[in-house]
Amino acid sequence: MAMRSFYNEIRGMKVKDLPAHVKPMFSLEYVKNSIKRGLDNYHAKYIQTSSIDPLYHVCFGGMIFSYLVALPEERRHLEHQQHDKEHGGH
């Protein structure tokens with residue numbers, strides 16, 4: 001949704017006007033306000049309604065994070081296994 005609204009904002013602009021429009025979006029204050037607005041929206045949508053969705057978000061987020069942390073080690077293991085197979089190892 002955010003990307004769609006951003007696209008709709010810049011769709012009619014000329015390319016030379018785009019940097020002046022986008023530059024303020026990278027200021028520290030704008031980023032802080034965007035994060036605060038997002039957290040407020042999340043709180044209103046999930047926490048105030050006593051929804052179970054935040055529990056799902058924590059569980060699935062934890063599983064994804066764990067997978068991403070373990071992925072480099074797994075890839076090294078699989079590459080080593082493939083190298084052994086190609087070179088007559090175990």
Report the distance from atom NZ of K36 to atom CG of N41, rounding to the nearest 0.5 Å. 10.5 Å
With a 4.5 Å cut-off on side-chain heavy-atom distances among I, L, V, M, F, W and Y, is there a chain of contacts connecting I10 to V15? no
As an exercise, state the distance from CD1 of I35 to CG of D40, rounded to the nearest 0.5 Å. 12.0 Å
Sequence-distant partners of V22, side chain to side chain contact (heavy atoms under 4.5 Å, CB included), two or more places apart: F6, L18, F26
Taken in chain and number order and not counting sequence neighbours, the residues that satisfy side chain to side chain contact (heavy atoms under 4.5 Å, CB included) with S27 are E29, Y30
Using 0.5 Å steps for rounding, measure from the CG atom of L71 to the CZ atom of R76. 10.0 Å
Return each pair, listed once, that meets side chain to side chain donor-acceptor pair (under 3.5 Å) where at least one residue sits in residues 7-17; pairs must be two or more places apart or across chains. E9-H21
Output every pair passing ring-ring contact (aromatic ring centres under 6.0 Å, His included) with a member in residues 54-73, not counting sequence neighbours, ordered by first then second residue. Y42-H57, Y46-H57
Those residues that, when tested against L55, pass side chain to side chain contact (heavy atoms under 4.5 Å, CB included) (two or more places apart): I52, C59
Check whether any side-chain heavy atom of Q82 sits under 4.5 Å from a side-chain heavy atom of L78, and report yes or no. no
Looking at residues at least two apart in the chain, or sitting in another chain, which of them share a side chain to side chain contact (heavy atoms under 4.5 Å, CB included) with H43? I47, Q48
